[in-house]
Colleague: 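Here's a structure for you.
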Amino acid sequence: MKARSIPGDFYLARLRSSTNISSRTLDNMRPALAPSSPAEPHTISGLTRIRAHTPPRSHAARTFLPSPPETAGRKEPTEETEHHHYHHHHHYHHQDYAGAMEAGLEWVARGYGKGNVKLLHVRREGPVHSIKEYEVDTQLTLETDKDYLVGDNSDVVATDSQKNTVYVLAKRHGITSPEAFALLLTDHFLAQYAQVTNVAISVRAYPWQRQVEHTCKVIKKRGGVAEVWTGLEGMRLLKTTQSSFVNFVQDEFRTLPDQEDRIFSTVVSASWRYTDIANIDFGRTWITVLKVIKDNFSGPADSGISSPSVQHTLYNIIKDVLLQLPEVSQMKMTMPNKHYFNIDMSKFENVVGNIHNNEVFLPVDKPSGMISGTLGRKDLTRAKL
Ligand SMILES: O=c1[nH]c(=O)c2[nH]c(=O)[nH]c2[nH]1
């Protein structure tokens, strides 16, 4: 074989990512890579070729057999084993691999698998869904090393199949915790493939949390009808323009100047009660309320909507919900005013130039304004009394 005429040759860089290199492939590549002087590394078309001046190996060291499945160690190559190997796998370029496993070497560790298998699992239990987004690494170690040593893939569970397994087990069993999912995968790989001796699964969970909580409260007196309140909590909003607060009481206690263009940020809590709970799509009303809040806080994307105060924005939201949802009899809402105060740049005139900037703010944790209100339908409110 031609390939045997250059023992000691090896190549660096992305020459071939597969271990299954046929001697034909190497033969075809050689002319393009042939350097003028074998002593120098050459870069040709982005490939670095290094000529290693290793003395030709002995015949016996040039090839070997893969470990038999029942033993972890490797059998020493013999004339007999080489003969067997040569005839059945002559397309492998044995002598290019044999050098690494000369006598006296052993595996300290080996493994292969898929890294960062990303998946999002959605658990759909009625209209309330829950999600888990994970990145999973799989690593298998096989009993034999014939895949590494001679390119025999017959025991190899492809990393692509390992990736598919992650998806299939998520579909079949669902996902509760990273640990439960990792244990599920580990047990699966060991049970499914007898040639696997070790499995390592790593899972990283992406920390999603609900942007807005859907809440509800149901009260029922014996013999009465259920009073159902649906709500939302934790809807954090912020806008950088079209919010003002001016013309409020001017006296000796006031220090706050009129604010023509301030930051408006809040965390909305709201709840609403239904007139009659028969035939109500609770999920749909919840989505509608969310949209009414967004529309009144932000307005249309091109023009926005201006807010003269938190009070006015709060009123507009509740009013619109009651107009759009006849099944709602009453709605209450609180909107804390999460202050972002303009940092006074007048002290830094020399450093910043424009002191009238509206760009640097101090987020204030506490205190915050507490604005709230409840609106009900007149007829129903009266009927209740
Ligand atoms: O929208 C506001 N309403 C207030 O009642 C108030 N009070 C205040 O100091 N800032 C604001 N902002």
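Remember, it's 1-based here, ligands and their atoms both numbered in the order they're listed. In this text, all values refer to a predicted model and were calculated from it rather than measured experimentally. Side-chain atoms are counted along with the backbone in the values below, which use heavy atoms only and exclude waters and symmetry mates.
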Colleague: Which of the numbered atoms in ligand 1 are under 4.0 angstrom from any heavy atom belonging to Q311?
Modeller: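 Those qualifying, in numeric order: 1 (O), 2 (C), 3 (N), 4 (C), 5 (O).
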Colleague: Does any N/O atom on H339 come nearer than 3.5 Å to any N/O atom on ligand 1?
Modeller: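 No, there is no polar N/O contact under 3.5 Å.
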Colleague: Give the atom numbers and elements of ligand 1 that come within less than 4.0 Å of a heavy atom of R262.
Modeller: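 Matching atoms, with element in brackets: 1 (O), 2 (C), 10 (N), 11 (C), 12 (N).
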Colleague: Please report the interatomic distance CG(L375) to CD1(I317), rounded to the nearest 0.5 Å.
Modeller: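 The CG atom of L375 sits 11.5 Å away from the CD1 atom of I317.
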Colleague: Could you walk me through whether K338 and D365 pass the salt bridge (Lys or Arg N to Asp or Glu O under 4.0 Å) test, one step at a time?
Modeller: CA-CA 7 Å; K338 295 288 188 185; D365 181 29; 5.5 Å; no
Colleague: Could an N or O of ligand 1 be found under 3.5 Å from any N or O of F245, whether backbone or side chain?
Modeller: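 No, F245 has no N/O under 3.5 Å of an N/O on ligand 1.
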Colleague: Please determine whether a side-chain nitrogen of the Lys or Arg among D258 and R254 lies less than 4.0 Å from a carboxylate oxygen of the Asp or Glu.
Modeller: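 Yes.
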Colleague: Taking the side chain as everything from C-beta on, heavy atoms only, tell me whether D137 gets closer than 4.5 Å to K114.
Modeller: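 D137 does not reach K114 side chain to side chain.
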Colleague: Atoms of ligand 1 less than 4.0 Å from S309 heavy atoms?
Modeller: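 Near S309, meaning under 4.0 Å from one of its heavy atoms, ligand 1 has 1 (O).
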Colleague: Check which hydrophobic residues are tied to W208 through side-chain heavy-atom contacts below 4.5 Å, counting indirect links as well, and list them.
Modeller: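 Hydrophobic cluster check, W208: joined to L120, V122, I131, Y206.
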Colleague: Distance under 4.0 Å to a non-hydrogen atom of L256: what atoms of ligand 1 satisfy this?
Modeller: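 Within the 4.0 Å cut-off of L256, ligand 1 contributes 9 (O).
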Colleague: Do W229 and Y274 have their ring centres less than 6.0 Å from each other?
Modeller: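 No, the ring centres sit 6.0 Å or more apart.
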Colleague: Using a plain distance cutoff, I'd like to know if N337 has any nitrogen or oxygen under 3.5 Å from a nitrogen or oxygen of ligand 1.
Modeller: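 Between N337 and ligand 1, an N or O pair is found under 3.5 Å apart.
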